[in-house]
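Notes follow the structure.
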Amino acid sequence: MSAAHTPAAAQPHGGTQLPQQPQHPALIDHPSDAKATQSAACLVSTESGSAAGAKVCIQAGDDESGCVPADSRYSRLNAPLLLCATVAAISSVNFGWVLGSVNIPAQAIEQCSGGPLTWSHGFPSCIPMRRALWGLTVGLTPLGAWAGSMLSGVAADRFGRKRVLVCNNAFYVAGAALAGTATSIPQLAAARFVSGIGCGVAATVVSTYNSEIATVRTRGFLGGFQQLMILGGIFSSQLASIGLAGAPLWRVLFSISAAIAIGQTLLLLLLVPESPKFLASRGQYADALAALQKLRSGYHAMAEYDDLLADFGSAAHQRAQQPSLWQVLSGRTEVDLRHLVFCALFLMMSQQWSGAKGVMFYSTEILTGTFHLTEAQRRSVPTIAQLLTTGIGGGGAAAVLVGMFVLDKVGRRTVLICSALATTVAAALIVVGSKLDKGPVVATFMYIFNVVFQSGVGFIPYLCASELLPYYALGSISGLATSVNCLTLFIVSLVFPTLDDALGPYLFVPFIATNGLTLLFGIFMMPEAKGKSVAEVVAEYKGPVRIVSRPSARPKSSPESPVVPSSTTD
């Protein structure tokens, strides 16, 4: 650390406040030239909302002054941070591609809607199967994601976020190769499972990496990146499906996932640093500083680096004291995290039981039945059902963008409540339209359902763990939360076709109930993390699972209540 650097007054790391902007910045030497007359004009407040490169005036004496980059702890989104978050989230784009690529070509593959089964160069034009078996095949992706998520947290904590993302692309490549050359149901099922492992790892590690490289001011925006990029992948796959849905081109559609994975691997190796928090937690402080400086280009990062040193200065001791998953779940850590852990798990489960992924997987088949398309109309690609499905994916991506910008203005809890309420109402209106047998009405409210879901309930779960839990519990709970999310998605994917056959126009009745539960959770139990450090959130919501009717009200502390440990700072 150079002599020119004098860190801002340090706050106790067990405290609950983001360090305050220094009132009198440290003295920094600058050449005594014409710049000495610019001190008054040089002041630019970091609170003014300026982007990367914001300056703070530094005055070192009567004849020396200049401007230095603002404190990185107060920085907003800059180009290097956005680039690294985007490259990491390409794994989520691939996740979305794997999920969305089966929707439009489903009838051509399972029902041979493009014509009778033929063979060419050793490959069949379609792989006919019953609808329930197709549901199982599609559902093997989230089952594979569950398997990947169970190991991803441990692997990321041991080997690093970047290295795991690089190695994870092997699953995407292998799954794409199996799907692109599938000649039987078992091979296609295996392809979906292997690709699913990659999806599960991505679901955990991408959100963890992006939360760790984010500043407090960019945490909400980057937290929504996971869902945005997943929807971007779904939308892109559906656009491509318009031209690649028929035989044998659906094989090309599945194989594109491998190209995405290979491209991301090169970008990760060339452009993206490891998470500074991970490096600091392993005692690699020089590498952590280099990564931080790359991510905070245009800002002065030494004060933030000092915070990392304070957080992870005893990295070996922290690893030795790392609590087990059971200790975290049972509240036997230094701070009782049971309510916050429950909230993280509930949100990840509620995201999938909403029925939105059922719409993503099966909207083509639902709308084909709703519009009563004839066999001849089904063979005329693109059908109205396929075009409407593509629009659903694009509308969802736009909704996530809106939600990401609104989130830091009105708060997580408010956005979740509004989104859950609107999703519940939209599900009820889909039932009404289905019962009246009005195809345009059903399609309209499916669009609305998807948009209001994606604007809140769809992406908030992906950022909740990193905002609610201290670092020592984040890895294990993130993996568990993702596994809960994937298992719920597997169940929904598996039963959705059966529910469609059994319930007919009442298909969305169960989802009225599940989205209603999410609404009640948001009203009575959801913590608010807007503008708060993790330490503040932990101090406010520590304790057993309970009703929190007034989120701003802090529970009364008992004399035995432990203090928040220093590792709970973000």
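Being a predicted model, the structure only gives us computed values, none of them experimental.
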Residue pair I234 / G96: nearest heavy atoms and the distance that separates them: CG1-O, 3.2 Å
- prompt: Angle class for the F521/F346 ring planes (parallel below 30°, perpendicular above 60°, tilted otherwise)?
  reply: parallel
- prompt: Does any non-hydrogen side-chain atom of M525 lie less than 4.5 Å from one of F342?
  reply: yes
task: Begin from the C-alpha positions of T86 and M229 and carry the test side chain to side chain contact (heavy atoms under 4.5 Å, CB included) through to its verdict.
output: CA-CA 8 Å; T86 301; M229 299 301 260; 3.8 Å; yes
message: With a 3.5 Å distance limit and no angle check, can you tell me whether E528 reaches the backbone of R413 through a side-chain donor-acceptor pair?
response: yes
query: Is the Y541 ring parallel, tilted or perpendicular to the H339 ring (thresholds 30°, 60°)?
result: parallel
statement: With N168 as partner, the option from N94, V205, V201 fulfilling side-chain contact (heavy atoms from CB on, under 4.5 Å) is V201
- prompt: Taking all non-hydrogen atoms of both residues, which atom of V415 and which atom of G456 are closest, and how far apart?
  reply: CG1-CA, 3.7 Å
task: Keeping the roles fixed (side chain from S101, backbone from W97), state whether a donor-acceptor pair exists under 3.5 Å.
output: yes
- prompt: Taking 4.0 angstrom as the limit, do K532 and E540 come out as a salt bridge?
  reply: yes
- prompt: Quick check: does any side chain N or O of N485 sit under 3.5 Å from a backbone N or O of A481, one acting as donor and the other as acceptor?
  reply: no
message: Taking atom CZ as the centre, does F171 end up with more than 12 heavy-atom neighbours from other residues, nucleotides or ligands that are less than 6.0 angstrom away?
response: no
Closest non-hydrogen atom pair, A344 against L468: N-CD1, 4.5 Å
task: Step by step, work out the side chain to side chain contact (heavy atoms under 4.5 Å, CB included) result for F193 and L143.
output: CA-CA 7 Å; F193 183 82; L143 187 62; 4.2 Å; yes
message: One pair to check against side chain to side chain contact (heavy atoms under 4.5 Å, CB included): V406 and T414. What are the steps and the verdict?
response: CA-CA 10 Å; V406 170; T414 300; over 6 Å; no
query: So how far is it from L340 CG to I477 CD1, rounded to the nearest 0.5 Å?
result: 10.5 Å
query: Roughly how far, to the nearest 0.5 Å, is OG1 of T514 from CD of Q352?
result: 11.5 Å
task: State, to 0.1 Å, how close I213 and C84 come at their nearest heavy-atom pair, and which atoms those are.
output: CD1-CB, 4.3 Å
query: Are I512 and Y506 close enough that some pair of their side-chain heavy atoms sits under 4.5 Å apart?
result: no
- request: Determine the sole option in N210, L231, I230 for which the side-chain contact (heavy atoms from CB on, under 4.5 Å) test with S92 is passed.
  value: I230
Heavy-atom side-chain proximity of L253 to P105 below 4.5 angstrom: yes
query: Shortest non-hydrogen contact from G139 to F490?
result: O-CD1, 2.8 Å
field: Contacts of C126 that satisfy disulfide bond (SG atoms under 2.5 Å apart) - sequence neighbours left out
entry: C112
message: Are F459 and Y462 an aromatic pair, judged by ring center distance below 6.0 Å?
response: no
query: Does the side chain of V102 reach to within under 4.5 Å of the side chain of W134, using non-hydrogen atoms?
result: yes
- prompt: Between the side chains of T141 and R192, is a donor N or O closer than 3.5 angstrom to an acceptor N or O?
  reply: yes
message: For the backbone of K409 and the side chain of K530, can you confirm whether one donor and one acceptor N or O come within less than 3.5 Å of each other?
response: yes
query: From L82 CG over to L77 CG, what is the distance, rounded to the nearest 0.5 angstrom?
result: 5.0 Å
- prompt: Is a side-chain donor or acceptor of K162 paired with a backbone partner of V272 at a separation under 3.5 angstrom?
  reply: yes
message: Nearest 0.5 angstrom please: L268 CG to Y209 OH, how far?
response: 8.0 Å
- prompt: Between R296 and E304, is there a side-chain N and carboxylate O pair less than 4.0 Å apart?
  reply: yes
- prompt: Should T204 and T482 be marked as a side-chain hydrogen bond (donor to acceptor under 3.5 Å, both in side chains) after you check the CA-CA gap, both sets of side-chain angles, and the distance that decides it?
  reply: CA-CA 6 Å; T204 301; T482 304; 2.9 Å; yes
field: S149 side chain to S483 side chain, donor-acceptor N/O pair below 3.5 angstrom
entry: no
- prompt: Is R412 salt-bridged to E467, going by a charged N under 4.0 Å from an acidic O?
  reply: yes
- request: May I ask you to test the C343-C464 pair for a side-chain heavy-atom distance under 4.5 Å?
  value: no
message: Please determine whether side chain to side chain contact (heavy atoms under 4.5 Å, CB included) holds for the pair V173 and I262, giving the CA-CA distance in whole Å, both sets of side-chain angles, and the decisive distance to 0.1 Å.
response: CA-CA 8 Å; V173 172; I262 293 170; 4.2 Å; yes
message: Within the structure provided, determine whether L469 and V534 are in side-chain contact (heavy-atom separation under 4.5 Å).
response: no
query: Is there a donor-acceptor pair under 3.5 Å between the side chain of Q351 and the backbone N or O of G458?
result: yes
task: Report yes if the distance between the aromatic ring centroids of F508 and F449 is under 6.0 Å, otherwise no.
output: yes
query: Taking all non-hydrogen atoms of both residues, which atom of S297 and which atom of P80 are closest, and how far apart?
result: CB-CG, 3.5 Å
task: Answer with yes or no whether the side chains of T265 and N169 bring together a donor and an acceptor at under 3.5 Å.
output: yes
- prompt: Going by distance alone, is a donor N or O of one side chain under 3.5 Å from an acceptor N or O of the other, for T518 and W353?
  reply: yes
Atom pair OG1 (T444) and OH (Y447), whose distance is rounded to the nearest 0.5 Å: 9.0 Å
task: Just jot down the side-chain contact (heavy atoms from CB on, under 4.5 Å) partners of L429, sequence neighbours excluded, or say none.
output: V425, F445
task: With the side chain counted from C-beta on, respond yes when S236 and V93 share a heavy-atom pair under 4.5 Å apart, and no when they do not.
output: no
query: Have E212 and S275 got a donor and an acceptor in their side chains that come within less than 3.5 Å?
result: yes
task: Just say parallel, tilted or perpendicular for the rings of F254 and W250, cut-offs at 30° and 60°.
output: perpendicular
query: What's the spacing between L222 CG and L81 CG if we round to 0.5 Å?
result: 5.0 Å
- prompt: Is the number of heavy atoms from other residues, nucleotides or ligands under 6.0 Å of R163 CZ greater than 12?
  reply: no
message: Looking at Q226 and A203, would you say the former's side chain and the latter's main chain have a donor-acceptor pair under 3.5 Å?
response: yes
message: Side chains of S91 and Q264, heavy atoms from C-beta outward: is any pair under 4.5 Å?
response: yes
